[in-house]
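Here the structure is laid out as structure tokens; the discussion comes afterwards.
These numbers come from the heavy atoms of this one structure, side chains and all, not from hydrogens, waters or symmetry mates. Since the structure is predicted, the reported quantities are computational estimates derived from the model, not experimental observations.
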Amino acid sequence: MTELLSLLGLFVAAFGAATLLPLQSEVVFVAMQANASVSLPLIVLVASVGNTLGAVVNYVMGRWVQHFRDRRWFPVNPAKLDRAQAWYARYGVWTLLFSWAPLGDGFTVIAGMMRTPIWLFVGLVALAKTGRYVALALITAGILGG
């Protein structure tokens with residue numbers, strides 16, 4: 001039962017970390033790996049799925065953000081929004097491979113704004129997010145000595 005709760009906590013942390021909320025999942029991930037009560041592949045899977053689904057929330061927000069861009073309360077002025085869209089149009093969907101990085105959440109919102117096909121979005125983001133957790137697992141294993 002504690003393993004299930006730990007995995008649920010990791011999922012929530014990973015999901016929240018992928019949204020625009022100021023959350024981090026790495027501490028939970030490393031703690032679970034160090035505890036070794038749950039298999040490492042399962043930890044990577046749960047963190048990756050949670051983080052990818054959190055990015056989908058950003059994508060959905062991006063899909064609808066254009067409806068509000070001319071409102072006074074909108075947090076980004078139209079010129080900055082246009083610059084971000086132009087940057088995405090220039091560099092394309094491949095920026096989603098950096099969705100794991102600290103500013104990567106912005107790429108996932110922009111992908112929604114640019115109407116990136118959802119299958120392509122999920123594929124690239126899942127690859128990036130899973131790669132990050134695999135790298136974190138390998139680094140942690142090296143530090144822990146195995």
Side-chain angles (χ1 to χ4, degrees), residues 1-35 37-141:
M1 182 65 163
T2 58
E3 289 87 10
L4 183 59
L5 289 175
S6 295
L7 287 170
L8 180 60
L10 176 61
F11 179 87
V12 169
F15 182 92
T19 66
L20 298 176
L21 297 172
L23 298 175
Q24 297 297 319
S25 61
E26 291 82 5
V27 172
V28 178
F29 184 95
V30 169
M32 286 188 68
Q33 183 176 352
N35 187 17
S37 64
V38 179
S39 74
L40 187 54
L42 186 56
I43 294 170
V44 170
L45 176 68
V46 168
S48 298
V49 170
N51 214 239
T52 300
L53 290 176
V56 170
V57 169
N58 293 343
Y59 175 89
V60 170
M61 288 188 327
R63 293 281 299 203
W64 295 106
V65 77
Q66 293 287 21
H67 299 285
F68 304 109
R69 73 180 287 165
D70 295 324
R71 307 280 170 100
R72 214 171 29 171
W73 52 262
F74 193 72
V76 180
N77 70 45
K80 286 184 180 178
L81 192 57
D82 290 341
R83 263 197 317 247
Q85 287 178 305
W87 188 88
Y88 185 85
R90 181 174 180 188
Y91 295 102
V93 298
W94 302 112
T95 59
L96 292 173
L97 292 174
F98 297 100
S99 61
W100 60 269
L103 298 177
D105 299 336
F107 298 149
T108 61
V109 173
I110 293 168
M113 292 168 55
M114 299 300 290
R115 305 286 200 251
T116 301
I118 190 70
W119 64 267
L120 182 59
F121 174 86
V122 170
L124 290 173
V125 169
L127 179 66
K129 304 280 190 175
T130 302
R132 173 178 134 216
Y133 285 116
V134 167
L136 181 59
L138 292 172
I139 291 167
T140 302

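In this structure, the side chain of T130 does not engage the main chain of L127 through any donor-acceptor pair within 3.5 Å. A distance-only check finds no donor-acceptor pair linking the side chain of D105 to the backbone of N58 [under 3.5 Å]. At distances below 3.5 Å, not a single donor-acceptor pair connects side-chain atoms of T140 with backbone N or O atoms of A137. Under a 3.5 Å cut-off, the side chain of T52 and the backbone N or O of V49 do not form any donor-acceptor pair. S48 contributes a side-chain N or O that, together with a main-chain N or O of V44, makes up a donor-acceptor pair within less than 3.5 Å. Between the side chain of K129 and the main chain of S99, a donor-acceptor pair closer than 3.5 Å is present. Using a distance-only test at 3.5 Å, with no hydrogens or angles considered, a donor-acceptor pair links the side chain of Y59 to the main chain of T116.
Here the OG1 atom belonging to T95 is positioned 13.0 Å from the CZ atom belonging to R90, to the nearest 0.5 angstrom. Distance check, rounded to the nearest 0.5 Å: CG of L7 to CD of E3 gives 8.0 Å. Atom CG of L40 and atom CD of Q33 lie 4.5 Å apart (nearest 0.5 Å). With rounding to the nearest 0.5 Å, the separation of OH in Y133 from CD in E26 is 6.0 Å. Taking CG from N35 and OG1 from T2, the interatomic distance works out to 8.0 Å, rounded to the nearest 0.5 Å. Expressed to the nearest 0.5 Å, how far CG of D70 lies from CZ of F68 amounts to 11.5 Å.
Across every non-hydrogen atom of F29 and A47, the tightest pair is CD1-CB, 3.9 Å. V56 approaches V122 most closely through the heavy-atom pair CG2-CG2, 4.1 Å. Between A55 and A18, the closest heavy-atom pair is N-CB, 3.5 Å. Between A17 and S25, the shortest heavy-atom distance links the atoms CB-N, 3.9 Å.
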Check: Can you list the steps and then say if L124 with W94 is a side chain to side chain contact (heavy atoms under 4.5 Å, CB included)?
Finding: CA-CA 8 Å; L124 290 173; W94 302 112; 3.7 Å; yes
Next item on the list: Under the side chain to side chain contact (heavy atoms under 4.5 Å, CB included) rule, what do M113 and R63 come out as? Steps first, then yes or no, please.
Entry: CA-CA 5 Å; M113 292 168 55; R63 293 281 299 203; over 6 Å; no
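Looking at heavy atoms from C-beta onward, R132 lies out of side-chain contact with L136 at the 4.5 angstrom threshold.
With F11 as the partner, the side-chain contact (heavy atoms from CB on, under 4.5 Å) test is satisfied by one option alone out of N51, L53, L45: L53.
Environment of CG in L5: crowded, with over 12 heavy atoms of neighbouring residues, nucleotides or ligands closer than 6.0 Å.
Every pair passing ring-ring contact (aromatic ring centres under 6.0 Å, His included) that includes a residue from residues 98-120 is listed here, sequence neighbours excluded: W87-F107.
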